[in-house]
Amino acid sequence: MTQKGITLRDVAAAANVSRATAARALNSYGYVGDETALRVLEAAERLGYRANLVAQALRSGQLPIVGFVPGDIQNPFFARIAHDIEVELRKHRHNLLIASSEENIEQEKELLESLRSLSIRGFILAPTSATDSEHIVRLVRDGAPVVLIDRVVKEVHCDSVGVDNEGGAGEAVDYLVANGHKRIGLLRDESRIFTAQERLAGYRNSLQSHGIALDDSLISVSRSTVEHAVEATIRLFSRRNRPTALFTVDSMMTQGALLGLRSLGLAIPNDVSLVGFDDFNLATFTDPQITVVAQPISEIGPLAAKLLLERLAGKKGAPRHTRFPTRLVIRGSVAHLR
């Protein structure tokens, strides 16, 4: 019999004890006499038995794995968040299982159901929809520890970590207006996503506060991918009366806007000014460097992990909501209009 084929039943037979007694001796629960326990341990060592710890943990519901369901793991924001969550969990001997929803609500529902069937201990989730949330409500109601990250769903009563999206977007538009821009384009993603709603609100409120009428023709909607953002940028700037400035709502769209503007032969900031929400590595490698609304990304993931670990440890109480402020990082992508 090979080592791989050794079972608990084999160990019990070799030690001349019942399977239940062998299980208690090997897993240190219940009472087993010292002499019997020693006999079981010696038999296990002699046979080369290795317990299937994963199977045991699954049966007991104590598998030390947390599920993370981001909107799109290809987004540098979520990739960094995933890294930081994993680092924090590892300190507490937990592991991270990542399953990207790809901003698809049906895929999100399927992923959460699959993770629940694996007895995953808790969930960190960036909800795809601000309104279609019954599956998350049910998850929380059933007692699963959940922390929402980046996005909030009002009907879901659980811990959350995010930033002041509306305030950050408003500050970006304020800065463009202060530099003489009135025709300010917006490149945003679908309105069902919570952050998209807040950043759109910040854009609108800033324009209104400066007495600038909202022009829907200056708003271009795109999926949050570089490829789609390129197409949306080209559509927006192919018009005769194009914007003098563009605000993009995440780093993927900022990268797409850069490529789209370049394909049209438009130079930043001489032909068009650009401000993006989310900092990203390439923002400082372009010429000029890109002005951005920066999130305190290094704080978001670790805090989400800590909140979840506290719930897993039995912490009770009302949901805790943290909203970090954003910061406008001024570089060279905005021109002053005379």
Side-chain angles (χ1 to χ4, degrees), residues 54-75 77-78 81-82 84-86 88-89 92 94-163 165 189-198 201 223-224 300-323:
V54 173
Q56 292 174 8
L58 281 171
R59 284 194 297 271
S60 65
Q62 295 300 311
L63 190 65
I65 292 181
V66 166
F68 177 40
V69 182
D72 187 350
I73 199 61
Q74 294 185 84
N75 187 318
F77 173 80
F78 285 124
I81 292 291
D84 291 347
I85 292 174
E86 183 179 29
E88 188 64 31
L89 290 175
H92 300 271
H94 278 67
N95 296 302
L96 186 66
L97 178 60
I98 304 170
S100 178
S101 71
E102 298 179 337
E103 304 295 7
N104 182 303
I105 185 63
E106 295 306 320
Q107 184 162 310
E108 176 182 285
K109 293 176 181 179
E110 292 174 5
L111 287 172
L112 287 175
E113 192 62 34
S114 296
L115 291 173
R116 290 189 72 185
S117 70
L118 292 174
S119 298
I120 297 298
R121 297 198 67 202
F123 302 87
I124 298 175
L125 169 67
T128 294
S129 173
T131 55
D132 191 349
S133 59
E134 180 55 34
H135 57 298
I136 308 175
V137 172
R138 188 166 55 251
L139 188 66
V140 174
R141 190 190 302 133
D142 290 346
V146 176
V147 174
L148 301 184
I149 199 166
D150 186 51
R151 306 162 184 178
V152 175
V153 180
K154 294 180 181 179
E155 295 79 13
V156 180
H157 301 292
C158 65
D159 299 331
S160 66
V161 181
V163 303
N165 292 288
D189 47 7
E190 299 177 64
S191 60
R192 62 182 170 78
I193 298 175
F194 175 79
T195 50
Q197 296 175 1
E198 288 206 323
R223 286 182 56 191
S224 184
I300 296 173
L303 177 58
K306 289 175 183 177
L307 291 175
L308 185 64
L309 287 166
E310 288 177 1
R311 295 300 188 187
L312 290 172
K315 186 178 181 65
K316 305 296 183 183
R320 297 161 292 179
H321 305 292
T322 299
R323 293 291 169 271

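In this structure, Gly71 and Ser100 approach most closely via the heavy-atom pair O-OG, 3.5 Å.
Ile300 is not listed as a side-chain neighbour of Asp150, based on a closest heavy-atom distance of 4.5 Å or more. Looking at Ser224 and Asn75, their side chains come closer than 4.5 Å, going by heavy atoms from C-beta outward. Residues Glu88 and His92 have side chains in contact (heavy-atom distance under 4.5 Å, counting atoms from C-beta outward). Contact check for Asp142 versus Arg116: side-chain heavy atoms found under the 4.5 Å cut-off. At least one side-chain heavy atom of Lys109 sits less than 4.5 Å from a side-chain heavy atom of Asp132. Residues Arg121 and Arg311 form no side-chain contact, since every pair of their non-hydrogen atoms from C-beta on lies 4.5 Å or further apart. Contact annotation: the side chain of Leu309 approaches that of Leu89 to within less than 4.5 Å [non-hydrogen atoms, C-beta and beyond].
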Could you check Ile85 against Val66 for side chain to side chain contact (heavy atoms under 4.5 Å, CB included), going step by step and ending with a plain yes or no? CA-CA 10 Å; Ile85 292 174; Val66 166; 5.5 Å; no

The test is side chain to side chain contact (heavy atoms under 4.5 Å, CB included); show your working for Val152 and His321 and say whether it passes. CA-CA 9 Å; Val152 175; His321 305 292; 5.6 Å; no

Could you go through the salt bridge (charged side-chain N to carboxylate O under 4.0 Å, His left out) check for Glu198 and Arg323 one step at a time? CA-CA 13 Å; Glu198 288 206 323; Arg323 293 291 169 271; 6.0 Å; no

Can you list the steps and then say if Glu108 with His135 is a side chain to side chain contact (heavy atoms under 4.5 Å, CB included)? CA-CA 9 Å; Glu108 176 182 285; His135 57 298; 2.7 Å; yes

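Between Glu134 and Arg141 there is a salt bridge, since a side-chain N of the basic residue sits under 4.0 Å from a carboxylate O of the acidic one.
With hydrogens and angles disregarded, no donor-acceptor distance shorter than 3.5 Å links the side chain of Asn95 to the backbone of Ile65.
Between Ser160 and Arg151, the side chains place no donor N or O within less than 3.5 Å of an acceptor N or O (distance only, hydrogens not considered).
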